[in-house]
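Working notes for the structure below.
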Number of protein chains: 2
Amino acid sequence: MSHTSFDLSKASALRQAAPRARADASPCSACRVRHLTFCQPLDDQELKQLSAIVTTVELVPGDPLFDESEPATHLFNVTAGTMKVYKLLPDGRRQITGFLFAGDFLGLANAETYAYSAEAVTHAALCRFPRKKLEDLLARYPKLESRLLGMASHELAAAQEQMLLLGRKSAKEKIVSFLLTLAERAARRGQTSNPITVPMSRTDIGDYLGLTTETVSRTFTQLKTGGLISLQAGGRVDLRDLVALRNIAEGF
Amino acid sequence: MSHTSFDLSKASALRQAAPRARADASPCSACRVRHLTFCQPLDDQELKQLSAIVTTVELVPGDPLFDESEPATHLFNVTAGTMKVYKLLPDGRRQITGFLFAGDFLGLANAETYAYSAEAVTHAALCRFPRKKLEDLLARYPKLESRLLGMASHELAAAQEQMLLLGRKSAKEKIVSFLLTLAERAARRGQTSNPITVPMSRTDIGDYLGLTTETVSRTFTQLKTGGLISLQAGGRVDLRDLVALRNIAEGF
DNA sequence: CGTGAAGTTGAGTATGCTCAACGGTGGTGG
DNA sequence: CCACCACCGTTGAGCATACTCAACTTCACG
């Protein structure tokens, strides 16, 4: 599972999301993923205000975006590619707390510092908003803040689902739940949900699910042998028996 | 560790938080825990609006407040006592996703239904807001929505910390982290942080930390034997060596 | 007191981890 | 263009942490 094929596949997405050069048109109004993001409720006039404070960031796989406990100066919006956010223990144990795709935001912090580190999984593009200036805009446009609260609520529900997974599910249930969540999120973004694209490494998956790479690998093999999934080129996973998979994920 | 002693200790808190009878004074303006809650930014005039839509709920240990997948018609604010929120798998496995104390809110839902069930751990009192009417108020008072977003961000950070715990910490690290978090939250509420009050059962603690009751019990014994904590009457836990405990919790 | 729930302790076990070897693949440099 | 190398993924063997099942104790309450 190399990154290369994904780098290629993301290249066009990067171009789509990139702001346009013309000065009079708001770059944000041309954004292909706006309907997925927190900017969604703004009209053209308001998007111009947003455009005035945004800059874009492009990352290659492995590039860090920010580190835990660093001053939380910016909020980001993923426009293309995949990001991961994680927390570390002093001895190197790592918990990936989320994978982020187009439309997801990161960097929301109540405290002065980020609560986690963020790093690119694939080639990725992001919008970067200075926190202070964005807060001014939030104060001016309550519907923006409302949208952000809605997205934060959604994330909270996802976090609780993940706690159930981490605390109470078996390795097999974890992997299957993970695959189905990927499929669901892809569908939500309007992408194909079967076969799904799994851009992250076995190690990343393990660190997300509270497993080791070996266990992740063994479980994939087991699912493959059982005819529930099949692994295809480019890190794609074909979900062969959705009913059976859903039963496993729910713990039946 | 019975609930009784806690029921007694909470009785006065219940009275403190109970709305007053006079019609012209806003009950909310007399609230003892307002500075901890999302109502905090409102002035007296605005609190009156809030009072108009609030009702109060009192629960005894074990009382359910609402169930997962039930229509999310209300949002709640804990004013006294301890609540737990949890998710279930079909075979009965349970993950408690949080314990809630005075000042914490619950029932925030982006979807039509609650994402979890909620139940009283001790005697508890809550404010109940009809979701629709509260949303009207949120639209009218952006500072309310802003405050709610801040609290949701804080919860998200806590959820990520909990994922790190569930996915990557040992039983001992989990228990110690849990005790220290309880101490920190007690301090935040202005209560004594040592000894701490642990109002929930071993089973609840296990379901919160992804452990069994037996492992929780064994680990407490181990910490006690090691002189790191001591168990006192009324479910109080004395943290004997904070430095050592912090090192364990952080994974050193 | 008697009873039932909660907590503790013990013995044996299983799930997932550790340590290790090997194979494939893509990227690099000669 | 090919050979090498590093990284990722897979598989195996043995082990450890936490679980299961069970007995016993403690405690709250009737």
Side-chain angles (χ1 to χ4, degrees), chain A residues 1-8 60-62 91-95 121-123 165-176 198-225 229-237 248 251, chain B residues 1-9 60-62 91-95 121-123 165-175 198-225 229-237 248 251:
Chain A
M1 181 180 306
S2 88
H3 287 304
T4 309
S5 59
F6 295 97
D7 300 353
L8 291 172
V60 301
D91 63 359
R93 280 175 287 173
R94 185 176 67 152
Q95 179 66 39
V121 172
T122 65
H123 268 182
L165 179 151
L166 289 169
R168 289 302 181 209
K169 289 189 182 179
S170 70
K172 190 173 181 178
E173 291 165 350
K174 284 177 176 180
I175 295 284
V176 173
V198 181
M200 60 291 288
S201 69
R202 295 288 183 263
T203 303
D204 281 351
I205 296 173
D207 283 350
Y208 181 57
L209 302 176
L211 301 170
T212 58
T213 61
E214 293 95 329
T215 299
V216 172
S217 186
R218 276 187 250 272
T219 307
F220 267 102
T221 302
Q222 188 186 337
L223 292 170
K224 206 171 49 181
T225 307
I229 63 171
S230 73
L231 304 185
Q232 305 184 346
R236 263 180 291 278
V237 176
I248 293 171
Chain B
M1 181 178 309
S2 88
H3 288 303
T4 308
S5 59
F6 295 97
D7 301 352
L8 289 172
S9 70
V60 301
D91 64 0
R93 280 175 285 173
R94 185 176 69 152
Q95 179 66 39
V121 173
T122 64
H123 268 182
L165 178 150
L166 289 169
R168 290 302 181 209
K169 289 188 182 179
S170 69
K172 190 173 181 177
E173 290 164 352
K174 284 176 175 180
I175 295 283
V198 181
M200 60 290 287
S201 70
R202 297 287 183 262
T203 303
D204 282 352
I205 296 173
D207 283 351
Y208 181 59
L209 301 177
L211 300 170
T212 58
T213 60
E214 293 95 329
T215 299
V216 172
S217 186
R218 275 187 251 273
T219 307
F220 267 102
T221 302
Q222 189 185 336
L223 292 170
K224 206 171 50 181
T225 306
I229 63 172
S230 74
L231 304 185
Q232 306 184 346
R236 263 182 289 278
V237 176
I248 292 171

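Convention: sequence-line order gives letters A, B, ...; per-chain numbering from 1.
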Dump every N/O contact between nucleotides 3-5 of chain C and the protein below 3.5 Å, one line per pair.
none

For the side chain of [X], counting heavy atoms from C-beta on, which of [options] is nearest?
X: B/Arg202; options: D/dC19, C/dT8, D/dG9; value: C/dT8
X: A/Ala171; options: D/dA18, C/dG16, D/dT11; value: C/dG16
X: A/Ser217; options: C/dC17, D/dT11, C/dT8; value: D/dT11
X: B/Glu214; options: D/dC21, C/dT8, D/dT10; value: D/dC21

Please state how far atom [atom1] in [X] lies from atom [atom2] in [N], giving the value in whole angstrom units.
X: A/Leu231; N: C/dG23; atom1: CG; atom2: P; answer: 20 Å
X: B/Gln232; N: C/dG7; atom1: CD; atom2: C1'; answer: 18 Å
X: B/Glu173; N: D/dT17; atom1: CD; atom2: C1'; answer: 12 Å
X: B/Lys169; N: C/dC17; atom1: NZ; atom2: P; answer: 18 Å
X: B/Phe220; N: C/dT9; atom1: CZ; atom2: C1'; answer: 16 Å
X: B/Leu209; N: D/dC19; atom1: CG; atom2: P; answer: 11 Å
X: B/Leu166; N: D/dA18; atom1: CG; atom2: C1'; answer: 15 Å
X: A/Lys172; N: C/dA14; atom1: NZ; atom2: C1'; answer: 16 Å

It should be established whether A/Thr215 places a side-chain nitrogen or oxygen under 4.0 Å from OP1 or OP2 of nucleotide C/dC17.
yes
Whether B/Thr213 contacts C/dG7 is assessed here as follows: a side-chain N or O lying under 4.0 Å from the phosphate OP1 or OP2. Is that the case?
no
Base, sugar-phosphate, or nothing for A/Ser170, non-hydrogen atoms under 4.0 angstrom?
sugar-phosphate
At 4.0 Å (heavy atoms only), tell me whether A/Gly206 reaches a base, stays on the sugar-phosphate, or touches nothing.
nothing
How close do [X] and [Y] get, counting heavy atoms only, and between which atoms?
X: A/Lys172; Y: A/Thr219; value: CA-CG2, 3.7 Å
X: B/Ile248; Y: B/Glu173; value: O-CG, 3.3 Å
X: B/Leu166; Y: B/Gly210; value: CD2-N, 3.8 Å
X: B/Gln95; Y: A/Gly167; value: OE1-CA, 3.3 Å

Any donor-acceptor N/O pair, B/Arg93 side chain to A/Arg168 backbone, under 3.5 Å
yes
Is the shortest heavy-atom distance from the side chain of B/Leu209 to the side chain of B/Lys169 under 4.5 Å?
no
Less than 4.5 Å apart, any side-chain heavy atom of B/Ile205 and any of B/Ile175?
yes
Base C/dG10 to side chain B/Arg218, donor-acceptor N/O within 3.5 Å cut-off
yes
